[in-house]
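Here the structure comes first, spelled out in structure tokens, and everything after it is commentary.
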Amino acid sequence: MDIYDPKTIEPKWRQFWLDKKVYQPDLAVAKKPYYNLMMFPYPSAEGLHVGNVYAFTGADVHGRFKRMQGFDVFQPIGLDGFGIHSENYAIKVGRHPKDHAKISEKHFYEQLHMIGDGFAWDQKLETYDPGYYRWTQWLFIQMYKNGLAYRRKAMVNWCPSCKTVLSDEQVEGGVCERCKTPTTRKETEQWFFKITAYADQLLNNIPKLNWPKKITVAQQNWIGRTKGLNIDFKIEGISKAITVWTKFWETVFGTTFLVIAPEHPIVEELSWRSENRQNFMNRISKALVKTEQQRKEEIEERHGFFTGSYVVNPVNGEKVPIWVGEYVLVDVGTGAVMGVPSHDLRDFEFAKKHSLEIKQVVSYSDRDIDAKVKSGQIAFEGEGVLINSGEFDGLSAWGIGKQKMADWMIDNKFAEWKTIYHLRDWLISRQRYWGPPIPMVLCEKCGWSSVPEDQLPVLLPDIKDFKPTGDGLSPLQKAPKSWLETTCPKCGGIAKRETDVSDTFLDSSWYFLRYPSVNVNPKSEIRNPKQIQNSNDQNSKRFEFRNSNLNIPWGQEVTRRWLPVNAYIGGAEHAVLHLLYARFVWMALLDWGYLSGVDSPEPFPFLFSHGLIIKDGAKMSKSRGNVVNPDEYISRYGADALRMYLMFLGSYDQGGDFRDTGMAGMYRFLERVWKAFQKQTQKSPAERDPALPEKIKNQKSDKEIKRVLNKTIKKVTEDISKFKYNTAIAALMEFMNAYEEKTSNEKENILSTDDKGKLIKLFAPFVPYITEEIWHNLYPDSQDSIHLSLWPEYDSKILERERIEIPVQINGKTRAVISADPSTAKIQSGIEKIAMEDPSVMRYIEGKKINKIIFVSGKIINLIVN
RNA sequence: GCCGGGGUGGCGAAAUUGGCAGACGCGACAGACUUAAAAUCUGUUGGCCGCAAGGCUGUGUGGGUUCAAGUCCCGCCCUCGGCACCA
């Protein structure tokens with residue numbers, strides 16, 4: 001074979017890897033376990049996106065590099081196929097989600113095979129597999145048993161298009177994360193997970209994480225811990241109080257009104273006290289039906305009305321009117337705000353709109369500002385001196401005054417410290433079909449019970465009419481009675497099953513714990529992988545746990561060996577979704593003792609988030625029509641060229657712009673590599689020379705090219721370690737340039753077989769197929785994969801001998817570059833001497849006085865002349 | 001508004017953290033091969049001046065520190081991403 005033909009090479013080695021189980025570490029005995037995990041895809045659309053290929057290739061390069069460094073790399077893959085996204089897509093193409101899952105599973109796995117990643121295929125999993133989701137249900141039950149799952153009636157986010165409730169994390173800027181429809185609020189009873197119980201731990205652990213700043217900051221903000229005061233304002237006429245939360249309590253003397261959210265629980269009671277209850281409730285319901293977006297659009301309106309009731313300001317006994325205001329959100333703080341219009345812009349706007357009193361309590365050194373605040377022209381939020389604040393007058397607003405006022409209010413029982421969080425409990429229920437049924441049953445006598453664990457999984461019933469109904473009822477309500485009704489685990493009477501399914505993010509919150517245990521059975525812990533291979537019946541594998549006595553979803557020993565995940569690689573879009581949920585689940589499991597012996601407070605100590613592939617300067621999207629389908633490029637140029645190109649087009653953490661011409665260029669480069677090795681290993685025309693094998697064997701490398709090779713090994717090793725794949729590839733290109741220049745002159749074998757082997761190994765993580773082919777051409781007797789060979793070391797002695805180039809600057813401008821051997825380059829006198837003798841340097845210093853010489857050892861010399 | 005990236009040739013991007021700006025690639029131009037084209041190879045390629053040697057200039061922008069700034073400091077502009085009526 002003499003032309004580079006990926007079409008014949010790639011399938012051949014793909015099969016070889018499978019047959020030889022090259023990427024299948026022995027999970028039970030691995031000495032140097034390295035769990036290299038990529039965020040698994042959700043197979044919602046037509047197939048693998050080039051963005052997926054980008055993500056997986058970068059992760060695979062890392063895994064291959066680690067494998068060649070002698071680690072037992074475990075790199076599993078699976079499909080996050082349950083959930084709204086898959087279901088919506090199935091509806092769109094007019095299929096039942098179950099049927100669609102089969103089709104997309106086949107397609108995705110085919111594509112995942114094509115791209116040549118070193119996946120551990122024996123451990124794949126799909127979240128819609130009953131053998132998997134029985135454990136998702138198990139996880140729900142543990143949450144319930146440990147008091148972290150509870151049912152509550154609450155105002156929740158509702159997506160009118162997906163026809164289900166959503167968690168806060170799934171509402172992005174007021175629209176549904178999946179379908180971008182503006183969400184509304186709806187009061188219903190739902191299942192929640194108490195993630196807030198872990199708010200502090202989630203926050204406090206962040207500094208321990210080796211994660212991109214971007215993501216840790218996003219999580220910090222999302223958890224949003226703020227310390228403030230709860231201040232009670234007693235309602236006039238009844239023995240109740242409204243509590244406001246504030247972090248600006250120093251302005252409490254300036255309170256001229258109180259504003260509560262339309263959803264505030266006291267609203268009902270206040271309505272009875274108002275003059276016109278009908279009118280009162282009309283105005284409330286008008287506010288409640290608005291979407292989040294509508295409310296935002298009407299911000300300037302500052303909608304609100306007076307309730308007719310008053311509270312008393314505890315600090316000065318002043319009578320303060322209670323208003324309802326749409327700008328006050330129920331779930332921030334206490335859902336009630338003390339209106340201080342002189343020092344809060346929103347309160348100011350509200351006061352202006354409704355002609356409420358304004359009272360200054362902080363005076364500012366800037367006279368102009370101070371005058372304007374005093375006359376009620378502006379609100380100002382800044383450091384100043386307290387006024388109109390009783391005994392606190394004259395103290396600094398943000399300093400001692402703030403402190404003293406807090407102490408005083410707490411001492412007098414007006415207030416107490418209250419830390420609030422932006423993070424709220426995780427809403428788990430979904431009124432959809434395609435998910436794990438929530439494993440709970442309701443008995444009229446006994447109330448809610450979890451399904452006994454030995455009855456898991458609660459299989460998702462096959463129903464034809466699975467589409468969301470829109471009335472807030474789950475499609476599973478249409479399941480047959482035989483499914484809907486069951487026995488109450490407590491009294492044995494008739495109980496009804498919960499018909500909501502759980503959130504997709506629950507499926508993916510623990511999958512990394514399952515991978516190593518996919519084939520674990522309780523007795524031997526690790527099942528012989530061969531057994532799986534021989535089992536033709538996929539279902540027998542999947543359902544084997546149903547009646548097994550493995551009572552948790554993972555083997556203890558294998559989990560201790562492989563967890564936590566060594567490297568987690570994926571996109572940044574999950575900063576406050578998946579990554580937060582998974583951390584929470586991990587912490588809960590640790591506390592419950594299910595991860596005994598796993599010595600890590602976090603599931604992903606190291607996380608790398610890759611950039612985004614864009615096309616023509618814009619995010620790929622179907623509506624823009626700029627989505628790149630990897631299949632076309634693979635069939636045209638091969639997976640290797642696509643991989644190499646994706647890794648080259650920008651730095652892996654930044655992403656890059658996909659261009660067809662770049663793709664073709666990379667194919668040309670691989671052809672050059674191919675040809676170079678053909679030339680070097682080719683037997684003809686001297687084929688008939690019987691002494692040739694001996695000659696090749698004894699061939700020594702050209703000194704110069706050996707030096708370049710060593711430099712390249714060093715550079716590629718360092719760059720791959722740092723995920724700087726683009727510059728690693730650039731270094732390989734530079735090597736090829738140098739190499740080709742040399743061979744075109746000499747037409748000789750200038751590299752020894754050993755050095756050729758080293759060289760091709762450097763390419764192996766990026767282009768696994770072509771390197772395997774070249775490797776076997778190089779070593780025709782080898783039965784082993786290049787990908788299990790050891791990463792080359794460079795000879796530092798050769799590099800030490802390299803001459804160093806030293807720029808010579810005159811008054812800071814480079815006028816010459818001199819070269820010196822490494823030892824001379826370190827000595828000022830030596831470099832000075834060479835510099836002064838350089839003709840172009842001499843031109844600049846001739847007749848001038850050298851005032852100063854700056855010498856940086858081995859780097860630069862700068863002559864300051866006048 | 002707050003937080004986090006980023007702004008470097010025609011384009012994608014490099015730059016060992018203060019030490020030769022533009023590595024590597026794409027594109028373009030010129031040449032070789034060819035009847036011709038494609039492919040391949042060989043050169044040139046930040047801008048301005050110059051026949052050339054060479055010179056000047058140049059990393060969003062205005063200042064500053066330094067022998068030396070893409071890199072550090074102060075002010076501003078633009079852009080991408082996250083959060084946002086958080087009281």
Side-chain angles (χ1 to χ4, degrees), chain A residues 172-174 212-222 224 226 228 244-249 251 259 261 292 295-296 298-300 302 325-329 331-340 343-347 349-350 381 420-422 572-573 575-576 611-612 614 617-619 645 648-651 653-666 668-669 671-672 675 715 718-719 724 726-737 740 744 805-817 840 843 851-856 858-865:
Chain A
E172 294 176 345
K213 199 172 180 185
K214 190 184 172 173
I215 306 221
T216 54
V217 166
Q219 289 215 351
Q220 242 160 34
N221 292 341
W222 188 259
T226 322
V244 302
W245 179 86
T246 180
K247 59 181 179 188
F248 302 115
W249 61 84
T251 62
V259 203
E292 296 284 290
R295 275 218 209 175
K296 264 178 203 157
E298 296 170 14
I299 283 175
E300 316 87 75
R302 292 283 164 219
E326 284 181 18
Y327 78 99
V328 177
L329 307 173
D331 33 22
V332 177
T334 57
V337 170
M338 57 179 208
V340 185
H343 306 289
D344 181 283
L345 189 62
R346 294 152 304 178
D347 296 346
E349 286 171 4
F350 192 75
E381 303 165 15
I420 66 160
Y421 297 87
H422 175 256
E573 68 273 19
V576 294
L612 216 65
I614 56 174
K619 219 182 212 173
Y645 173 62
F648 181 65
L649 54 58
S651 89
D653 58 346
Q654 296 292 316
D657 203 49
F658 189 95
R659 303 164 89 211
D660 290 20
T661 51
M663 210 33 256
M666 193 51 81
R668 283 203 294 271
F669 177 66
E671 269 184 323
R672 275 170 57 200
K675 277 181 196 155
K715 173 81 176 150
E718 287 168 356
D719 284 357
K724 299 204 144 203
N726 54 337
T727 50
I729 293 169
L732 291 171
M733 288 171 166
E734 280 184 80
F735 178 86
M736 290 311 293
N737 290 345
E740 280 170 359
S744 69
E805 310 234 288
I806 305 273
V808 183
Q809 298 187 331
I810 316 286
N811 290 342
K813 284 198 172 161
T814 305
R815 298 301 182 182
V817 178
S840 47
R843 254 193 25 227
N851 293 329
K852 200 177 170 187
I853 297 172
I854 289 124
F855 175 72
V856 181
K859 283 210 169 138
I860 202 162
I861 185 162
N862 191 359
L863 311 174
I864 311 304
V865 301

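Here is the naming used below: chain letters follow the sequence lines, and residue numbers restart at 1 for every chain.
- Of all non-hydrogen atoms in M666(A) and Y645(A), the two that sit nearest each other are CG-N, 3.6 Å.
- Between the CG atom of D653(A) and the P atom of rG81(B) there is a distance of 17 Å, rounded to whole Å.
- Contacts of L329(A) with the nucleic acid, taken as non-hydrogen atoms under 4.0 Å apart, include base atoms.
- The same atom, P, is picked in rC24(B) and in rU44(B); the two are 12 Å apart, to the nearest Å.
- Rounded to a whole Å, the OH atom of Y421(A) is 19 Å from the P atom of rA84(B).
- Using a 4.0 Å heavy-atom distance criterion, Y327(A) is classed as a base contact.
- Of the side-chain N and O atoms in R346(A), one or more sit less than 4.0 angstrom from OP1 or OP2 of rC86(B).
- E805(A) contributes no side-chain N or O that, together with a main-chain N or O of V817(A), makes up a donor-acceptor pair within less than 3.5 Å.
- If you take atom C1' in rG6(B) and the same atom in rA13(B), they sit 13 Å apart, rounded to whole Å.
- The residue among I420(A) and K715(A) whose nearest nucleotide of RNA chain B lies closer to the 5′ end is K715(A).
- Checked against salt bridge (Lys or Arg N to Asp or Glu O under 4.0 Å), R346(A) has the following partners two or more places apart in sequence or in another chain: D344(A).
- Scored by the salt bridge (Lys or Arg N to Asp or Glu O under 4.0 Å) test, E298(A) finds K290(A) as partners (sequence neighbours excluded).
- Listed by chain and number, the residues in a side chain to side chain contact (heavy atoms under 4.5 Å, CB included) with V217(A) are K213(A), N221(A) (sequence neighbours excluded).
- Shown here are the salt bridge (Lys or Arg N to Asp or Glu O under 4.0 Å) partners of E172(A), two or more places apart in sequence or in another chain: there are none.
- Atom pair I614(A):CD1 and rU79(B):P shows a separation of 16 Å (rounding to whole Å applied).
- Computed from coordinates, the F248(A) CZ to rC86(B) P distance equals 10 Å when rounded to whole Å.
- Residues meeting the side chain to side chain contact (heavy atoms under 4.5 Å, CB included) test with A572(A), sequence neighbours left out: K214(A), I215(A), S609(A).
- Rounded to whole Å, the distance from CD on Q220(A) to P on rC83(B) is 15 Å.
- In this entry rG1(B) has rC83(B) as its Watson-Crick or G-U wobble partner, both defining distances falling under 3.5 Å.
- Using a 4.0 Å heavy-atom cutoff across all strands shown, V259(A) reaches no nucleic acid atom at all.
- Between the P atom of rA68(B) and the CZ atom of R815(A) lies a distance of 14 Å, rounded to the nearest Å.
- Taking the P atoms as reference points, rC2(B) lies 25 Å from rU8(B), given to the whole Å.
- Taking atom CD on E671(A) and atom C1' on rU40(B), their separation rounds to 10 Å, with Å as the unit.
- A straight line from NZ of K813(A) to C1' of rA68(B) spans 12 Å, rounded to a whole angstrom.
- Not counting sequence neighbours, the partners of Q654(A) by the side chain to side chain contact (heavy atoms under 4.5 Å, CB included) test are S651(A).
- Here, rC11(B) and rA23(B) have their P atoms 15 Å apart, quoted to the whole Å.
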Exercise for the section: Mark up nucleotides 44-49 of chain B, 5' to 3', with B wherever a protein heavy atom is under 4.0 angstrom from a base atom, S wherever such an atom reaches only the sugar-phosphate, and - elsewhere. Expected result: ------

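- Looking at every heavy atom in both residues, V259(A) comes nearest to Y327(A) through CG2-OH, 3.5 Å.
- Qualifying side-chain hydrogen bond (donor to acceptor under 3.5 Å, both in side chains) partners for E718(A), counting only residues two or more places apart in sequence or in other chains: K714(A).
- A gap of 34 Å separates the P atoms of rA30(B) and rG7(B), to the nearest Å.
- Applying the salt bridge (Lys or Arg N to Asp or Glu O under 4.0 Å) criterion to K715(A), with sequence neighbours excluded, gives D719(A).
- When each of rG27(B), rC56(B), rA23(B) is scored by its nearest atom to the side-chain atoms of E734(A), the top-ranked nucleotide is rA23(B).
- Remark: Q809(A) engages T814(A), I860(A), N862(A) in a side chain to side chain contact (heavy atoms under 4.5 Å, CB included) (not counting sequence neighbours).
- With a 3.5 Å ceiling on both atom-pair distances, the Watson-Crick or G-U wobble partner of rG31(B) is rC41(B).
- Residue contacts for D347(A): at a heavy-atom cut-off of 4.0 Å it reaches no nucleic acid atom on any strand shown.
- Here rG12(B) sits opposite rC24(B) as a Watson-Crick or G-U wobble pair (both hydrogen-bonding atom distances under 3.5 Å).
- Nucleotides rC76(B) and rG22(B) place their C1' atoms 27 Å apart, quoted to the nearest Å.
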Practice task
Let me have a per-nucleotide readout for nucleotides 1-13 of chain B, 5' to 3', with B, S or -, counting only protein heavy atoms under 4.0 Å.
Solution key: --SSS-----BBS

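- Nucleotides rG12(B) and rC74(B) are separated by 30 Å at their P atoms, to the nearest Å.
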Practice task
Show the numbers, then the answer: is there a side chain to side chain contact (heavy atoms under 4.5 Å, CB included) between M338(A) and T251(A)?
Solution key: CA-CA 9 Å; M338(A) 57 179 208; T251(A) 62; 3.7 Å; yes

Identify each atom pair where a protein N or O and an N or O of nucleotides 17-20 of chain B are less than 3.5 Å apart, giving names and distance.
from	atom 1	to	atom 2	distance (Å)
rG19(B)	N2	Q809(A)	OE1	3.4

